[in-house]
Amino acid sequence: MWITLLAGLGVEGDAHAGKTVQHRSRVARDPAQPNLRQVHLLHSELLLELKARGFLVGPGQIGENILTSGVDLLGLPTDSILRIGESARVQVTGLRNPCVQLDRFQPGLMAATLDRDATGGLVRKAGIMAVVLQGGTVRPGDPIVVVLPPEPHRRLLPV
């Protein structure tokens, strides 16, 4: 199984692919906005955490396009580049903001993807979003190389 990333568009065949926003609520506000949510990446460690809390969530079930392992996605700065497999390159745009659709999948799931840090700030754990800089095929087990942007780094914000 594999996916094909298309430069400037997203995942081939995905409902969210496109140069401009594809989510209904965002289209209603401004259909000309650039699509900063072309690819959804999720850390597999979250699935393990959710399982330990009693949620049965498998790969691909909460909308992610790419499931990673061992990459601190939530700790990346904005504009990091991820080189995936032989040729694909994506640029990190921000955090996925979990929505009520997660609760439609399993009640309580949205709250389970949120947390609070030591200062009480909201922590969104539902993965990150990216745009495709260079297309290519992404297969299970493909290596991911992180290239950090120049300093100063900007923390991820919801997109």
To the nearest 0.5 Å, atom CD of E45 lies from atom CG of L42 at 9.0 Å
So salt bridge (Lys or Arg N to Asp or Glu O under 4.0 Å) across residues 125-144, not counting sequence neighbours, yields E49-K125, D115-K125
- request: Given side chain to side chain contact (heavy atoms under 4.5 Å, CB included), test L76 with L74 step by step and report yes or no.
  value: CA-CA 6 Å; L76 294 174; L74 303 180; over 6 Å; no
Checklist entry - Under the side chain to side chain contact (heavy atoms under 4.5 Å, CB included) criterion, do R155 and L157 qualify, and how do the steps go? => result CA-CA 6 Å; R155 70 181 184 92; L157 298 173; 3.5 Å; yes
| query | Shared ILVMFWY cluster between L73 and M129, side chains joined below 4.5 angstrom? | reply | no
Residue set satisfying side chain to side chain donor-acceptor pair (under 3.5 Å) with D117, at least two apart, ordered chain then number -> T119
Any V100 side-chain heavy atom under 4.5 Å of L102 side chain: no
Could you tell me whether the side chain of R124 reaches within less than 4.5 Å of the side chain of L114, counting heavy atoms only? yes
Separation between OG1 (T113) and CD1 (I62), nearest 0.5 Å, reads 7.0 Å
Note: P31 and T20 closest approach over all heavy atoms is O-CB, 3.4 Å
Here the gap from S80 atom OG to Q91 atom CD, rounded to the nearest 0.5 Å, amounts to 8.5 Å
Is a side-chain N or O of S69 found less than 3.5 angstrom from the main chain of S44, in a donor-acceptor match?
-> no
* Are L156 and L46 connected in the hydrophobic side-chain network, where two residues link if heavy atoms are under 4.5 Å apart? -> no
In this structure, CG of L67 is separated from NE2 of H40 (nearest 0.5 Å) by 9.5 Å
Q. Take atom CD in Q101; do more than 12 heavy atoms of anything else shown fall under 6.0 Å from it?
A. no
Across all chains, not counting sequence neighbours, the salt bridge (charged side-chain N to carboxylate O under 4.0 Å, His left out) partners of D79 are R154
H16 meets the ring-ring contact (aromatic ring centres under 6.0 Å, His included) criterion, sequence neighbours left out, with H23
Distance-only donor-acceptor pairs under 3.5 Å for side chains of residues 104-112, two or more places apart:
unit_1 : atom_1 : unit_2 : atom_2 : d
Q106   : OE1    : L56    : N      : 3.3
Q106   : NE2    : L56    : O      : 2.4

Exactly one candidate in L82, I81, T78, V131 meets side-chain contact (heavy atoms from CB on, under 4.5 Å) with V92; the answer is L82
Rounding to 0.5 Å, atoms CG (D14) and CG (N65) come to a distance of 5.0 Å
Nearest heavy-atom contact between P98 and R96 is CD-O, 3.3 Å
Heavy-atom nearest pair, A88 first then V138, reads CB-CG2, 4.0 Å
Heavy-atom closest pair (S87 atom, G135 atom, distance to 0.1 Å) is OG-O, 3.4 Å
Cluster overlap L95 with V146, hydrophobic side-chain contacts below 4.5 Å:
yes
Taken to the nearest 0.5 Å, the spacing of I128 CD1 from L41 CG works out to 5.0 Å
- Worked verdict on V11 versus Q38 for side chain to side chain contact (heavy atoms under 4.5 Å, CB included): CA-CA 7 Å; V11 179; Q38 294 176 357; over 6 Å; no
Could you list the donor-acceptor pairs under 3.5 angstrom formed by side chains in residues 1-9, with sequence neighbours left out?
none

- prompt: Near E86 CD, under 6.0 Å, is it more than 12 heavy atoms from other residues, nucleotides or ligands?
  reply: no
Inset, instruction - State, yes or no, whether a side-chain contact exists between V21 and P34 at a heavy-atom distance under 4.5 Å. - result: no
- Query: Would you say V39 and L133 are hydrophobically clustered, going by side-chain heavy atoms of ILVMFWY under 4.5 Å?
  - Reply: no
For Q22 and N35, what are the C-alpha separation, side-chain angles and deciding distance, and is it a side chain to side chain contact (heavy atoms under 4.5 Å, CB included)?
CA-CA 7 Å; Q22 301 298 306; N35 185 4; 4.0 Å; yes
